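Nothing here was measured: the structure is a model prediction, and the numbers come from that model.
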Amino acid sequence: MGDLPGYKGRALRFLQAAKASIGDMLEVRTKWGVVTGTLVPRYLYGDGDHVVLKLKSGYNVGLGLDGLDGAAVKAKGEKPSFSPPPPPKSPERLPRVALLGTGGTIASRIDYRTGAVKPAMSESELHSLVPELSGAAKVEAEVMFDILSENVAPRHWGKMAKRVVRAVDEGVDGVVITHGTDTLGYTAAALSFALAGVPVPVVLVGAQRSPDRPSSDAPLNLVAAVSVAGTAKFSGVYVAMHLGESDDKIAFHRGTRVRKNHTSRRDAFVSVGVPLAAVWGRGGLEYVSEGLPPRGGSFSPRPAFAPGAALLKFYPSMPPGAVRSARRLGARIIVVEGTGLGHVSGDVAKELGLFVKSGGVACMTSQCIGGRVDLNVYETGRDLLQAGVVPLDDMLAETALAKAMWVLGTGAKGDRAREMMVHDVAGETTARTFPG
Ligand code: DAS
């Protein structure tokens, strides 16, 4: 009797009685007639009251034990297995693109053991699953780490930045980083600061659906990211994700002006306050924004990050102690996501003033996302200016947090850190609001 992963209790005994194994073609006698299909594994947390068959149609059906009279093995089956085909060879003339994996849905698959999506795919597997990549570039794939992006930290940003510098030194034409979508915006911002002036395109790409599902956005996102990284005439750090729900166009967003605005849609990412950097269609780049930095030139990367920054989203009745806790936890820069034009309650404003007096740097962004902070309009804002809080114009809060950790990574503190937070490095603030 083969092993029956995921089956337990009554369902396990039912299948053992039929001497069934995963992959066998079974005839199951039910109250409603005979159901024929291939026995598939159950996920770890499934109950012990169902047997799951894959029907000829390809759909899976769960049969409740209460309605079953028995089963017989119609034909012994092969245990399902997957081994990726070798990546196809790329013709010599194609550009060289480093494909660096960090994990996330794009490099995951459904784990039938648990039923969950788990990081499980090497970059070369990804490469062989999307053979079109070999028509776009000579891809040099490497898994740097394999984590869901909610677990990405500044130390990972530093590793990614240093690995991109090495790839640029080795003469690649572009870099693609596969990454989870949850914190993709934070990492894109962080790398925009660390790699300011990078002479090639560095494209971060994720997916909202794992590549082993028919509706996955991973293949098209990857092909677009690799094509643009290898051939675009512009340089800099970008995020590549679906432009709309249909599978035809990929949007490229500037690394410091992008955020994930939907939990599950494939076009979850938007550019805030600026036009898209570029749009790619199946025939290649269809639109490129003006003013993107050209390829080439030398750059002096600053790939270090330090964790001593905190992001506080102000909310009604927020206790001023939240500021003190951030300081006790080691924050030397606090980015506040204030309401409206950049406001907090009076007692939180006072606490921010004490934090600044103690040598900390307090910066203000807005929960409105669109528009820009202005601390001169209301008395609350004026009190904050008096307290030494620094308005960050229309910088996104997540971008400001990544920038704060990068500023601290350069060793700056106090006034120097304050100046660096305000000085534009990678398009994180805009001179005028784009009506987008
Ligand atoms: N948990 C999500 C992440 O890794 C999965 C994804 O969307 O990639 O960001």
Side-chain angles (χ1 to χ4, degrees), residues 104-106 149-150 152 176-193 201-209 215-218 220-222 224-225 228-229 232 234 236-281 285-292 311 313 335 337-340 365-373 392-403 424 426-436:
T105 293
I106 190 165
S149 75
E150 52 270 30
V152 168
V176 171
I177 299 176
T178 60
H179 189 289
T181 59
D182 288 11
T183 66
L184 186 50
Y186 290 85
T187 298
L191 295 185
S192 299
F193 299 117
V202 177
V203 184
L204 289 100
V205 60
Q208 291 279 64
R209 312 227 168 92
S215 63
S216 177
D217 44 340
L220 198 67
N221 288 355
L222 264 176
V228 169
F234 53 80
V237 178
Y238 300 91
V239 165
M241 290 293 287
H242 267 49
L243 176 65
E245 270 288 44
S246 47
D247 225 15
D248 55 2
K249 294 196 192 312
I250 304 299
F252 283 73
H253 305 275
R254 291 166 175 79
T256 54
R257 302 293 312 176
V258 61
R259 76 191 306 276
K260 179 176 181 181
N261 263 12
H262 196 282
T263 55
S264 58
R265 281 175 65 112
R266 302 190 302 178
D267 58 349
F269 284 76
V270 295
S271 287
V272 179
V274 291
L276 290 175
V279 174
W280 179 92
L285 275 171
E286 296 179 355
Y287 159 78
V288 176
S289 168
E290 280 170 21
L292 300 184
L311 174 58
K313 183 180 187 120
V335 174
E337 205 179 337
T339 54
T365 61
S366 174
Q367 297 171 17
C368 299
I369 298 179
R372 55 191 72 234
V373 164
L392 292 184
D393 210 352
D394 64 343
M395 198 184 306
L396 298 180
E398 305 91 277
T399 295
L401 176 74
K403 184 171 185 179
D424 190 84
E428 64 273 25
T429 49
T430 67
R432 57 187 178 77
T433 301
F434 172 72

Any residue meeting side-chain hydrogen bond (donor to acceptor under 3.5 Å, both in side chains) with Ser246, in chain and number order, not counting sequence neighbours = Asp248
With sequence neighbours excluded, residues passing side-chain hydrogen bond (donor to acceptor under 3.5 Å, both in side chains) with Gln367 |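 Partners of Gln367 by the side-chain hydrogen bond (donor to acceptor under 3.5 Å, both in side chains) criterion come out as none, since no residue qualifies.
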Would you say Asp424's side chain and Thr429's backbone share a donor-acceptor pair under 3.5 angstrom?
->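 Flag set: sc Asp424 to bb Thr429 pair under 3.5 Å.
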Look at the side chain of Thr178 and the backbone N and O of Val205, then say whether any donor-acceptor pair between them is shorter than 3.5 Å.
-> no
Holding to side chain to side chain contact (heavy atoms under 4.5 Å, CB included), I want the full list of residues that pass it with [X], two or more places apart in sequence or in another chain.
X: Ala402; answer: Trp157, Ala189, Ala190
X: Thr183; answer: Ser149, Val152, His179, Tyr186, Thr187
X: Lys260; answer: Thr181, Asp182, Gln208, Ala268, Phe269

Can you name the residues that form a salt bridge (Lys or Arg N to Asp or Glu O under 4.0 Å) with [X], not counting sequence neighbours?
X: Asp394; result: Arg257, Arg372
X: Arg259; result: Glu398
X: Glu245; result: Arg266

Report yes or no: do Arg209 and Ser264 form a side-chain donor-acceptor pair below 3.5 Å?
->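 Result is no, nothing qualifies.
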Show the numbers, then the answer: is there a side-chain contact (heavy atoms from CB on, under 4.5 Å) between Leu243 and Val279?
-> CA-CA 8 Å; Leu243 176 65; Val279 174; 4.1 Å; yes
Hey, could you give me each pair passing ring-ring contact (aromatic ring centres under 6.0 Å, His included) that has a residue in residues 236-256? Not counting sequence neighbours.
-> Phe234-Tyr238
